[in-house]
Amino acid sequence: MKMLIAIIKPFKLDAVREALADIGVQGMTVTEVRGFGRQKGHTELYRGAEYTVDLLPKVKIEVAVSPEMAEKAADAILKAAKTGQIGDGKIFIYDLEQAVRIRTGEAGVDAV
């Protein structure tokens, strides 16, 4: 099995969720996170004062899929999340050693 972790812009979450559902991904975990990449944040003006925002809001999506679905899911995320602007995010793909469904005790790909 494979675990995909995608860090994307928050407004792209619905597009990514729909793209993954279209290819048959049945579940995901979504977490609101903050961080920065190469852009190192940005400056904003608030009531006439300029201040630096170092950690930008992002969304972290975690999806467990079969090895055959990993590339397809990564491509779906890539196409749905891409804006062409700096800060679009990243996709990480890990080997997932084991998964167990708590309710039924199913293990491996059957648990996903």
Side-chain angles (χ1 to χ4, degrees):
M1 291 173 296
K2 299 287 186 177
M3 174 66 79
L4 277 71
I5 298 177
I7 310 294
I8 63 169
K9 291 181 176 184
F11 70 91
K12 286 297 202 171
L13 176 59
D14 287 336
V16 170
R17 184 182 51 79
E18 289 174 14
L20 289 173
D22 288 346
I23 63 165
V25 173
Q26 295 181 351
M28 68 175 66
T29 301
V30 177
T31 310
E32 292 180 11
V33 296
R34 297 168 54 88
F36 69 88
R38 291 185 182 151
Q39 78 268 27
K40 304 282 192 271
H42 63 276
T43 58
E44 289 186 1
L45 234 71
Y46 180 72
R47 294 189 177 182
E50 187 175 292
Y51 66 98
T52 303
V53 178
D54 293 327
L55 299 175
L56 302 174
K58 300 286 184 176
V59 172
K60 178 180 176 182
I61 300 171
E62 297 171 289
V63 180
V65 295
S66 65
E68 302 81 36
M69 285 289 292
E71 280 300 316
K72 206 171 173 182
D75 287 342
I77 294 170
L78 181 67
K79 289 175 184 166
K82 186 175 181 176
T83 66
Q85 303 296 317
I86 192 165
D88 273 353
K90 294 202 172 47
I91 302 170
F92 303 99
I93 303 174
Y94 296 94
D95 287 326
L96 182 60
E97 189 173 318
Q98 183 66 286
V100 178
R101 185 179 308 233
I102 294 172
R103 180 177 55 87
T104 62
E106 293 171 298
V109 176
D110 294 335
V112 177

Inset, instruction - Can you measure from CD1 (I61) to CG (L13) and round to the nearest 0.5 angstrom? - result: 5.0 Å

Legend entry - Beyond-backbone contact of I91 with I7, side-chain heavy atoms, under 4.5 angstrom: no

Inset, instruction - Spell out, as yes or no, whether a donor-acceptor pair under 3.5 Å connects the side chain of R101 to the backbone of D110. - result: yes

Legend entry - Side chain to side chain, R34 and K58, heavy atoms closer than 4.5 Å: no

Legend entry - Point-to-point distance, once rounded to the nearest 0.5 Å, from OG1 of T31 to CD of E62: 5.5 Å

Inset, instruction - Determine, using the 4.5 Å side-chain heavy-atom cutoff (strictly less than), whether V109 and L96 are members of one ILVMFWY cluster. - result: yes

Legend entry - side chain to side chain donor-acceptor pair (under 3.5 Å) between Q85 and T83, intermediate numbers included: CA-CA 5 Å; Q85 303 296 317; T83 66; 5.6 Å; no

Inset, instruction - Tell me, with the steps shown, if V100 and Q98 meet side-chain contact (heavy atoms from CB on, under 4.5 Å). - result: CA-CA 7 Å; V100 178; Q98 183 66 286; 4.1 Å; yes

Inset, instruction - Report yes if some heavy atom in the side chain of V112 is under 4.5 Å from a heavy atom in the side chain of M1; otherwise report no. - result: yes

Inset, instruction - Taking the side chain as every heavy atom from C-beta outward, state whether M28 and L20 have any atom pair closer than 4.5 Å. - result: yes

Inset, instruction - Check whether any side-chain heavy atom of V59 sits under 4.5 Å from a side-chain heavy atom of V33, and report yes or no. - result: no

Legend entry - L4 vs F92 side-chain heavy atoms within contact, under 4.5 Å: no

Legend entry - Shortest non-hydrogen contact from G27 toward V63: O-CG1, 3.9 Å

Legend entry - Cluster check I5, M69: I/L/V/M/F/W/Y, side chain < 4.5 angstrom: no

Inset, instruction - Give a yes or no answer on whether the side chain of D88 reaches the backbone of G84 with a donor-acceptor pair at less than 3.5 Å. - result: yes

Legend entry - Close side-chain approach of I23 to V25, heavy-atom, < 4.5 Å: yes

Inset, instruction - Would you mind reporting whether D95 and K2 have side-chain heavy atoms less than 4.5 Å apart? - result: yes

Inset, instruction - Kindly give the heavy-atom pair with the smallest separation between A19 and A76, and that separation in Å. - result: CB-O, 3.9 Å

Legend entry - K72 and D75: CA distance, side-chain angles, deciding distance, salt bridge (charged side-chain N to carboxylate O under 4.0 Å, His left out) verdict: CA-CA 5 Å; K72 206 171 173 182; D75 287 342; over 6 Å; no

